[in-house]
Amino acid sequence: NYGMVGEDRVQNKTYVSRFTQTTGYLFGNVLTNGLDPNIYPNPAATWEKARTLNIGFDLSMLKGKLNINADFYRRYTYDGFSQLSAADVPMTTGLITAVKNYGKSLNWGSEFSLSYRDKIGRDWGFNADINFGWSSGMLLQQYYSPLNFGLYGSNGLSNTIGKDPK
């Protein structure tokens, strides 16, 4: 089978500005309430999307005593959620950085199982099962954030510092 799904595992309404009510602002000589912006919005934010392909094979033999199963999958995820770096927003704003649809990844793998069921007499039976699988994946694209990877580049003495963001 083949399908596409979406995921919205981010905080609600990241695409609009939100405000928090605060107290302690002086207006003249009077202490008053106010509103502080608390998130940098991203109106272009969408759901994370994944296209998945699953291919399976089932075989039953010996009147259902022996069963063989094989499943293979491939999942391509795009518009993955990445938190923008705090360095992208001036510290004086006090804002939480926005979520951006930027990440891409590819995952694939398989699973196999073999089972045998039989009866010993009228009231007793047994099952023997084995299964194994493997999976792998690649992160194809992620938003570079110095907070996540550290600074990268030359320290002025021809020495490379930090982790390569590639």
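Throughout, numbering of the chain's residues begins at 1 and tracks the sequence. Values below: all heavy atoms of this structure, side chains included; hydrogens, waters and symmetry mates excluded.
- One finds the CZ atom of Arg74 at 10.0 Å from the OG1 atom of Thr52 (value rounded to the nearest 0.5 Å).
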>> Is there a side chain to side chain contact (heavy atoms under 4.5 Å, CB included) between Glu111 and Asn131? Walk through the geometry before answering.
In response: CA-CA 7 Å; Glu111 184 174 313; Asn131 83 18; 4.3 Å; yes
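- Within the 4.5 Å cutoff, the side chain of Tyr78 has heavy atoms near those of the Arg51 side chain.
- The nearest pair of heavy atoms linking Asn54 to Tyr73 is OD1-CB, 3.0 Å.
- Using a 4.5 Å heavy-atom threshold, the side chains of Asn107 and Ser105 count as touching.
- One side chain, Trp134 or Ser110, offers a donor N or O that lies under 3.5 Å from an acceptor on the other.
- Taking both residues in full, the closest heavy atoms of Asp71 and Phe57 are given as OD1-N, 4.4 Å, listed atom of the first, atom of the second, then distance.
- Listed by chain and residue number, Leu66, Ile68, Ile130 satisfy the side-chain contact (heavy atoms from CB on, under 4.5 Å) test with Leu114 (two or more places apart in sequence, or in another chain).
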> side chain to side chain contact (heavy atoms under 4.5 Å, CB included) between Lys104 and Thr77: does it pass, once the steps are laid out?
Replying inline: CA-CA 6 Å; Lys104 292 180 184 178; Thr77 304; over 6 Å; no
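- The CE atom of Met4 sits 6.0 Å away from the NZ atom of Lys49 when rounded to the nearest 0.5 Å.
- Leu53 contributes atom CG, which lies 7.5 Å from atom CG of Asn1 (distance to the nearest 0.5 angstrom).
- At least one side-chain heavy atom of Arg117 sits less than 4.5 Å from a side-chain heavy atom of Asn67.
- When all heavy atoms of Trp108 and Gly137 are compared, the pair lying nearest together is CZ3-CA, 3.9 Å.
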What pairs of donor and acceptor atoms, side-chain ones from residues 118-129 against any protein atom, are under 3.5 angstrom apart with sequence neighbours left out?
residue, atom, partner, partner atom, Å
Asp118, OD1, Lys65, NZ, 3.4
Asp118, OD2, Tyr116, OH, 3.4

> Could you go step by step and tell me if Phe112 and Phe72 meet the ring pair (Phe, Tyr, Trp, His ring centres under 6.0 Å) rule?
Replying inline: CA-CA 9 Å; Phe112 305 94; Phe72 305 91; 5.5 Å; yes
